[in-house]
Amino acid sequence: MAKVSTLSWSSFLSLFNAQGLYQVGYAWLFGMTLWVTFIGGTIAFKTLPRQQFGTLQHRTFPIYFVISIALSSGLLGLWTYSHPKVLTHYLDATDGDVAQAYALVAVVLSQAANHFVIGPLTSKTMFKRHRLEKEEGKAYNEPGVSEQMKALNKTFAQLHGVSSLANLTAFLALLFHGLWIGNTGAGIKSVL
């Protein structure tokens, strides 16, 4: 049975500790990633005209990736601080604490790749395609589009696929981490 305690200002303020902040940071990151990956994007894609959808993604994804990089970096820092074995046994991926650090590194790297490389290339290609559609007076997928449009379509599809794979990698790594801490606890030490 859980320990019963009385709520006071002191007990309320004591909730703001490294363990509590770790859990809130993880929940924020996982929820945001779940929403962006599977829910919000799907709703926007089905609701908005294609070019408006592309513009929305172009505006929101950089913010999503920056928040994701910041939160996952913070979680990785707290995890490593609380599980110092990660630094001495970093090549032992079978160690649970090390595996969790790897999962968090996967999130940081995949979201950083999306933010700094893949995302900007995808947006650049998308806007080139929008301009070419206006010039040709045809949608990108209509019969008889130019060879230049076909090349842009191919590039966009490849970049979009890599971006989706990177984001799915982050989601799966976060799912693994959440299942781990849900079953074993996070074991975050106080930083004060």
Side-chain angles (χ1 to χ4, degrees), residues 1-44 57 59-120 122 161-192:
M1 181 182 233
K3 180 182 172 191
V4 177
S5 76
T6 305
L7 185 61
S8 65
W9 280 111
S10 176
S11 64
F12 173 74
L13 292 174
S14 73
L15 297 175
F16 293 89
N17 58 44
Q19 178 70 29
L21 294 176
Y22 190 91
Q23 296 296 335
V24 169
Y26 171 78
W28 178 2
L29 180 57
F30 183 76
M32 179 179 66
T33 304
L34 175 69
W35 177 264
V36 168
T37 304
F38 298 108
I39 301 166
T42 303
I43 293 169
Q57 300 292 75
R59 300 272 186 199
T60 58
F61 273 16
I63 297 165
Y64 160 63
F65 292 134
V66 165
I67 293 171
S68 183
I69 293 164
L71 286 171
S72 55
S73 295
L75 293 176
L76 177 60
L78 275 173
W79 186 267
T80 304
Y81 172 77
S82 299
H83 303 89
K85 180 169 47 169
V86 168
L87 296 175
T88 57
H89 293 81
Y90 59 89
L91 294 178
D92 184 6
T94 62
D95 181 278
D97 291 342
V98 173
Q100 294 314 302
Y102 282 2
L104 294 171
V105 166
V107 176
V108 173
L109 293 178
S110 61
Q111 300 299 55
N114 254 330
H115 179 64
F116 294 110
V117 180
I118 304 163
T122 305
V162 171
S163 176
S164 296
L165 183 61
N167 200 52
L168 185 60
T169 298
F171 174 78
L172 292 173
L174 288 168
L175 179 63
F176 172 56
H177 187 60
L179 291 170
W180 184 270
I181 63 177
N183 282 284
T184 65
I188 301 302
K189 294 192 287 188
S190 175
V191 293
L192 300 177

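One-based numbering along the sequence shown. Note that the structure is predicted; figures quoted are calculated from it, not measured.
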Inset, instruction - Of all the heavy-atom pairs spanning A173 and A106, show the shortest one and how long it is. - result: CB-CB, 4.3 Å
Inset, instruction - Without swapping roles, check the side chain of W79 against the backbone of A186 for a donor-acceptor pair under 3.5 Å. - result: no
Legend entry - Shortest non-hydrogen contact between A166 and Q111, atoms and distance: O-OE1, 4.5 Å
Legend entry - Shortest non-hydrogen separation from Q57 to P62 and the atoms involved: O-CD, 4.1 Å
Inset, instruction - Please tell me if the side chains of L104 and Y26 come closer than 4.5 Å, counting only heavy atoms from C-beta onward. - result: no
Inset, instruction - For atom OH of Y81, decide whether the heavy atoms of other residues, nucleotides or ligands shown that lie under 6.0 angstrom number more than 12. - result: yes
Legend entry - side chain to side chain contact (heavy atoms under 4.5 Å, CB included) assessment of T60 paired with V36: CA-CA 10 Å; T60 58; V36 168; over 6 Å; no
Legend entry - Nearest heavy-atom neighbours spanning S190 and A18: CA-CB, 4.2 Å
Inset, instruction - For V107 and S68, run side chain to side chain contact (heavy atoms under 4.5 Å, CB included): C-alpha distance rounded to whole Å, both residues' side-chain angles, the deciding distance at 0.1 Å, then the answer. - result: CA-CA 8 Å; V107 176; S68 183; 4.2 Å; yes
Legend entry - Rounded distance [0.5 Å steps], CG in D95 versus CD in Q100: 10.0 Å
Legend entry - 4.5 Å side-chain heavy-atom contact, F116 and F65: no
Inset, instruction - Please assess I181 against Q23 for the test side chain to side chain contact (heavy atoms under 4.5 Å, CB included), listing each intermediate value before the final yes or no. - result: CA-CA 9 Å; I181 63 177; Q23 296 296 335; 4.0 Å; yes
Inset, instruction - Provide the closest heavy-atom pair for F176 versus A103 in the form atom of the first, atom of the second, distance. - result: CD2-CB, 3.9 Å
Inset, instruction - Ignoring hydrogens and angles, tell me if any N or O in the side chain of T88 forms a donor-acceptor pair with the backbone of K85 under 3.5 Å. - result: yes
Inset, instruction - Determine yes or no for a side-chain-to-main-chain donor-acceptor pair under 3.5 angstrom, with S14 supplying the side chain and S11 the backbone. - result: yes
Inset, instruction - Determine, stepwise, if the pair F61 / H115 fulfils side chain to side chain contact (heavy atoms under 4.5 Å, CB included). - result: CA-CA 8 Å; F61 273 16; H115 179 64; over 6 Å; no
Inset, instruction - Using a 4.5 Å cut-off on heavy atoms from C-beta on, say whether the side chain of F38 contacts that of L168. - result: yes
Inset, instruction - Nearest 0.5 Å please: distance from the CG atom of L29 over to the CG atom of L75. - result: 6.0 Å
Legend entry - Distance (rounded to the nearest 0.5 Å) between L76 CG and I69 CD1: 13.0 Å
Inset, instruction - Over 60° means perpendicular and under 30° means parallel, so classify the ring planes of F30 and F171, tilted if in between. - result: parallel
Inset, instruction - Answer yes or no: is there a side-chain heavy-atom contact under 4.5 Å between L78 and V191? - result: yes
Inset, instruction - Taking Q19 for its side chain and I188 for its backbone only, find out whether a donor-acceptor pair lies under 3.5 Å. - result: yes
Legend entry - Residue from T37, T33, N114 passing side-chain hydrogen bond (donor to acceptor under 3.5 Å, both in side chains) with N167: T37
